[in-house]
S.K.: 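My questions all concern the structure below.
Every chain is numbered from 1, with letters handed out A, B, ... down the list of sequences.
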Protein chains: 2
Amino acid sequence: MTRTNPSPDTADAESTETRVAVSTVIFSLRRDGDEDPRLVLPLVKRTRDPYEGLWALPGGWLDASENLDEAASRTLAETTGLSASYLEQLYAFGDIGRSPSRVVSIVYWALLRSDEVDAQSAAHAAAGDAPENVDWFTATDLPGLAFDHNAIVDYALWRLRNKVGYSRIAHGLLPDAFTLADLREVNEAILDRKLDPANFRRQVENSNTLIPTESFRTGSHRPARLYRYNQDVELADRGPLGRPRSHESSTT
Amino acid sequence: MTRTNPSPDTADAESTETRVAVSTVIFSLRRDGDEDPRLVLPLVKRTRDPYEGLWALPGGWLDASENLDEAASRTLAETTGLSASYLEQLYAFGDIGRSPSRVVSIVYWALLRSDEVDAQSAAHAAAGDAPENVDWFTATDLPGLAFDHNAIVDYALWRLRNKVGYSRIAHGLLPDAFTLADLREVNEAILDRKLDPANFRRQVENSNTLIPTESFRTGSHRPARLYRYNQDVELADRGPLGRPRSHESSTT
DNA sequence: TCAAAAGTGTTGCTCATACACCCATGA
DNA sequence: TCATGGGTGTATGAGCAACACTTTTGA
């Protein structure tokens with residue numbers, strides 16, 4: 001029972017090296033026509049074994065010279081061309097059987113602002129350089145994915161839903177200025193249930209996370225006030241870890 | 001920007017291998033005399049560079065043939081001779097600068113039942129084979145540790161305190177049968193504040209996690225009923241991940 | 001009979017929900 | 001003027017903190 005694998009972090013010890021991958025579950029929001037918005041995420045089609053032809057989470061091997069969250073940001077940028085408005089480590093998956101050969105995957109989850117995704121898509125369409133092998137899927141209705149990636153997405157969804165309950169994270173999916181109805185719809189899409197507009201309004205007003213602007217969005221009814229996110233308030237309490245050093249740009 | 005590190009989990013790709021360590025923040029409870037109990041954790045004195053002579057979290061290199069939580073259980077058993085009543089992954093630390101050479105540490109946190117720790121210590125004392133280079137420290141009053149281990153312990157403490165707030169996890173530190181006062185003292189030790197005995201009683205009674213026994217502990221006052229943990233209820237909600245396959249024994 | 005802890009009752013506050021209602025605009 | 005969503009007011013109930021109170025034991 002008492003194997004003597006020498007104590008860790010020692011430079012000289014003979015130690016088994018392991019292949020370490022970093023993958024990210026990237027959430028964004030899409031609204032088609034006048035449907036309710038829904039959570040979507042980008043997947044990459046595998047071009048080699050194992051699981052060739054199946055869809056998988058975007059990711060890549062951990063570079064020797066980069067931190068874990070840098071690797072997540074990098075692979076995220078490589079597949080979407082964008083930087084995340086929120087990025088958090090999800091879990092490290094390392095079971096023996098999860099891949100034909102031993103791979104430890106450090107998985108992150110991220111939020112992308114829907115307007116940036118839309119702009120990017122439009123740019124690609126205009127330039128005719130839409131990326132091969134990348135497509136967006138409805139988060140709650142995925143095909144069978146490579147490896148254990150279905151389970152990973154399920155866990156990421158669970159974390160997202162949890163987090164939405166106790167922190168104001170939903171506007172990571174929204175443009176800079178948005179109405180309370182926008183924000184409520186995001187929460188409804190994440191939680192998959194309707195929220196009372198009146199009570200929702202009071203909750204966010206009391207949470208102090210939003211700054212009202214003097215702009216209004218006009219529709220065919222009473223105009224709705226636009227709000228902006230209060231940068232002084234952390235999106236989510238992550239304890240002593242704080243927010244990762246921001247490699248993500250502040251694309252204002 | 002678009003480096004082409006081939007997509008992960010591919011068996012054939014040239015990929016940088018990384019040394020992966022698994023460490024564990026192991027919490028237990030100690031009461032000296034009639035003091036309030038306090039959280040303690042075992043540390044291992046490093047016997048080689050880097051940080052030779054400093055105390056560090058118990059851990060070891062990840063074996064090629066074991067899952068991550070198996071590695072945590074193994075190293076936990078190697079340093080304490082015991083198995084945990086609760087084990088959960090904490091975080092993966094992999095910053096470039098955290099060790100002279102690149103090491104990714106998958107860190108777990110665990111709870112040990114105080115009675116098992118005491119029995120183990122007594123056995124060691126009797127046999128005169130108390131382990132070298134291992135000692136127990138008060139969790140909130142640690143010396144300067146090797147690597148980034150102080151920050152890791154801080155984060156583990158934060159997680160433990162958080163979790164105690166929304167799940168009934170504290171009896172992972174207690175023997176099989178315990179009084180409500182015992183349980184309350186554990187919570188007080190973790191949260192570092194006094195709790196109202198009356199309200200605490202109602203909370204746990206309503207949570208349905210405890211089974212009252214017909215035994216009582218007598219002192220110099222009214223005897224207190226002993227309770228047992230209700231195995232049907234999960235200690236903590238971990239979402240789709242569920243509880244790890246139990247390598248930990250069910251030492252009843 | 002007294003000290004001390006076990007255990008019960010009660011009150012008041014905060015907050016979430018449900019829902020009735022008024023407001024402002026475009027058509 | 002009317003339909004529609006924006007926005008306000010308010011009653012109800014659950015849950016929790018505070019604390020007074022009763023019960024049961026050993027000394």
Side-chain angles (χ1 to χ4, degrees), chain A residues 31 33-37 161-168 170-171 174 177-228 237, chain B residues 31 33-37 161-168 170-171 174 177-228 237:
Chain A
R31 51 187 340 139
D34 51 356
E35 293 173 16
D36 287 340
R161 291 192 174 120
N162 251 10
K163 206 126 202 168
V164 141
Y166 64 85
S167 53
R168 307 279 154 227
H171 42 310
L174 286 176
F178 48 85
T179 68
L180 289 181
D182 290 339
L183 187 57
R184 178 170 47 82
E185 282 182 344
V186 175
N187 279 270
E188 289 174 344
I190 293 173
L191 299 174
D192 198 26
R193 65 187 171 91
K194 292 294 175 189
L195 302 174
D196 184 303
N199 297 329
F200 182 80
R201 160 181 300 273
R202 269 180 294 249
Q203 280 183 27
V204 307
E205 276 173 351
N206 294 338
S207 75
N208 229 50
T209 50
L210 296 190
I211 302 171
T213 71
E214 291 312 312
S215 313
F216 290 82
R217 174 181 303 161
T218 102
S220 53
H221 357 282
R222 173 170 176 176
R225 184 182 292 275
L226 289 171
Y227 290 80
R228 205 172 292 281
D237 186 11
Chain B
R31 52 185 339 139
D34 51 358
E35 292 173 17
D36 288 339
R161 291 191 175 122
N162 251 7
K163 206 126 202 168
V164 142
Y166 64 85
S167 51
R168 307 278 155 227
H171 41 312
L174 286 177
F178 48 86
T179 68
L180 289 181
D182 291 338
L183 187 58
R184 179 170 47 81
E185 281 182 343
V186 175
N187 278 271
E188 288 174 344
I190 293 173
L191 299 174
D192 198 26
R193 64 186 172 93
K194 293 294 177 189
L195 302 175
D196 184 303
N199 296 330
F200 182 80
R201 161 181 299 274
R202 270 180 294 248
Q203 280 183 28
V204 307
E205 277 172 350
N206 294 338
S207 75
N208 228 48
T209 49
L210 295 189
I211 302 170
T213 70
E214 290 312 311
S215 313
F216 290 81
R217 174 182 304 161
T218 101
S220 54
H221 353 281
R222 175 170 173 176
R225 184 182 293 274
L226 289 171
Y227 290 80
R228 205 171 290 282
D237 187 9

S.K.: Between C:dT8, D:dG5, D:dG6, which one does the side chain of B:A198 approach most closely?
M.R.: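 Taking heavy atoms from C-beta onward, the closest nucleotide is C:dT8.
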S.K.: Please report, rounded to the nearest Å, how far the C1' atom of C:dC19 is from the CZ atom of A:F200.
M.R.: 18 Å
S.K.: Measure CG/A:L180 against C1'/D:dG5 and give the value in whole Å, please.
M.R.: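 Checked: the CG to C1' distance equals 13 Å.
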S.K.: Nearest 0.5 Å, please: how far is CD in A:E205 from CD in A:Q203?
M.R.: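 Going from the CD atom of A:Q203 to the CD atom of A:E205 covers 11.0 Å.
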S.K.: Report the distance from atom CG of B:L183 to atom C1' of C:dA6, rounded to the nearest whole Å.
M.R.: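 About 15 Å, once rounded to whole Å.
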S.K.: C:dA16 base to A:D196 side chain: any donor-acceptor pair below 3.5 Å?
M.R.: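 Counting by modelled atom types and ignoring angles, no donor-acceptor contact under 3.5 Å is found here.
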S.K.: Is the distance from OP1 or OP2 of C:dG7 to the nearest side-chain N or O of B:R201 less than 4.0 Å?
M.R.: yes
S.K.: Of the listed nucleotides (C:dA18, C:dA24, D:dG6), which one gets closest to any side-chain atom of A:R184?
M.R.: D:dG6
S.K.: Round to the nearest Å and state the distance from A:R225 atom CZ to D:dG5 atom C1'.
M.R.: 16 Å
S.K.: Please report the distance, rounded to the nearest Å, between CZ in B:R217 and C1' in D:dT25.
M.R.: 15 Å
S.K.: Rounded to the nearest Å, what distance is computed from the CG atom of residue B:L226 to the C1' atom of nucleotide C:dA6?
M.R.: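 The answer, rounded to whole Å, is 13 Å.
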S.K.: In the structure I gave you, are the side-chain heavy atoms of B:H171 and B:R228 within less than 4.5 Å of one another anywhere?
M.R.: no
S.K.: May I ask you to say whether A:R184 pairs ionically with A:E188, meaning some side-chain N is under 4.0 Å from a carboxylate O?
M.R.: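 Yes.
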S.K.: Which one, C:dT17, D:dT24, D:dG9, comes nearest to the side chain of A:Q203?
M.R.: C:dT17
S.K.: Tell me whether the side-chain N or O atoms of A:R202 pair up with the base of D:dG9 as donor and acceptor below 3.5 Å, since no angle test is needed here.
M.R.: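 For A:R202, whose side chain was compared with the base of D:dG9, there is a donor-acceptor pair (under 3.5 Å).
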S.K.: Using atom NE2 of B:H221 as one end and atom P of C:dA5 as the other, report the distance to the nearest whole Å.
M.R.: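 Rounded to whole Å, this separation is 5 Å.
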S.K.: Look at the side chain of A:T213 and the backbone N and O of A:L226, then say whether any donor-acceptor pair between them is shorter than 3.5 Å.
M.R.: yes
S.K.: Taking for each residue the nucleotide of DNA chain C bearing the nearest heavy atom, is the 5' side occupied by A:S220 or by B:R222?
M.R.: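 Residue closer to the 5' terminus by nearest nucleotide: B:R222.
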S.K.: Between P on C:dC19 and CG on A:N199, what's the gap in Å once rounded to a whole number?
M.R.: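 A:N199 atom CG is separated from C:dC19 atom P by 11 Å.
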S.K.: With the side chain of B:P223 defined as its heavy atoms from C-beta on, choose the nearest nucleotide among C:dG7, C:dA4, D:dT24.
M.R.: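 Closest nucleotide among those given: D:dT24.
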S.K.: Is B:R202 salt-bridged to B:D196, going by a charged N under 4.0 Å from an acidic O?
M.R.: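 No, this pair does not count.
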S.K.: What's the closest nucleotide to the side chain of B:F216 if the choices are C:dA24, C:dG7, D:dT25?
M.R.: C:dG7
